[in-house]
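In this chain, numbering begins with 1 at the start of the sequence shown. These numbers come from the heavy atoms of this one structure, side chains and all, not from hydrogens, waters or symmetry mates.
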Amino acid sequence: PADPMRILVVEDDPVSRRVMIAVLEQLKHSVSAAVDGLAGWEQFELGAPDVGITDWMMPRLSGIDLTRRIRAAARER
């Protein structure tokens, strides 16, 4: 089996978020989660995950804007 990945799930719907976390943890990945885009950005700054899964439309910061921030930060590093 492949090595486990560090995955950040950013989803404002609590049911969808719990389902994704449960599936990913069953696959033995390390999962952190955030309830909206801004909280996702804060989680990203604590330690960049290997993979991010984000909702498209969320309060405070959309998934698109979150992805743009992450890409810009990656270019700077």
Should Met58 and Trp56 be counted in the same cluster of Ile, Leu, Val, Met, Phe, Trp and Tyr side chains packed under 4.5 Å apart?
-> no

Check whether Met20 and Val51 end up in the same hydrophobic cluster, where Ile, Leu, Val, Met, Phe, Trp and Tyr are linked by side-chain heavy atoms less than 4.5 Å apart.
-> yes

Looking only at non-hydrogen atoms, find the nearest pair between [X] and [Y] and report the distance.
X: Leu38; Y: Asp36; result: N-OD1, 3.1 Å
X: Gly40; Y: Leu66; result: C-CD1, 4.2 Å
X: Gln43; Y: Ala34; result: CG-CB, 4.3 Å

For the residue pair [X] and [Y], establish whether any side-chain heavy-atom pair is separated by less than 4.5 Å.
X: Ile7; Y: Ser30; value: no
X: Thr67; Y: Arg71; value: yes
X: Val9; Y: Val31; value: yes

Taking it one step at a time, do Val23 and Arg18 satisfy side chain to side chain contact (heavy atoms under 4.5 Å, CB included)?
-> CA-CA 9 Å; Val23 168; Arg18 282 194 298 267; over 6 Å; no

Look at the side chain of [X] and the backbone N and O of [Y], then say whether any donor-acceptor pair between them is shorter than 3.5 Å.
X: Asp13; Y: Ser16; answer: yes
X: Asp50; Y: Arg6; answer: yes
X: Arg17; Y: Glu11; answer: yes

To the nearest 0.5 Å, tell me how far Lys28 NZ sits from Asp3 CG.
-> 14.5 Å

Point-to-point distance, once rounded to the nearest 0.5 Å, from CG of Asp65 to CZ of Arg60 | 13.5 Å

By side-chain contact (heavy atoms from CB on, under 4.5 Å), which residues pair with Pro4, not counting sequence neighbours?
-> His29

Which ring pair (Phe, Tyr, Trp, His ring centres under 6.0 Å) pairs, counting each pair once, include a residue from residues 31-52, with sequence neighbours left out?
-> Trp41-Phe44

Option among Leu24, Val10, Ile21 that satisfies the side chain to side chain contact (heavy atoms under 4.5 Å, CB included) test with Ile53 | Leu24

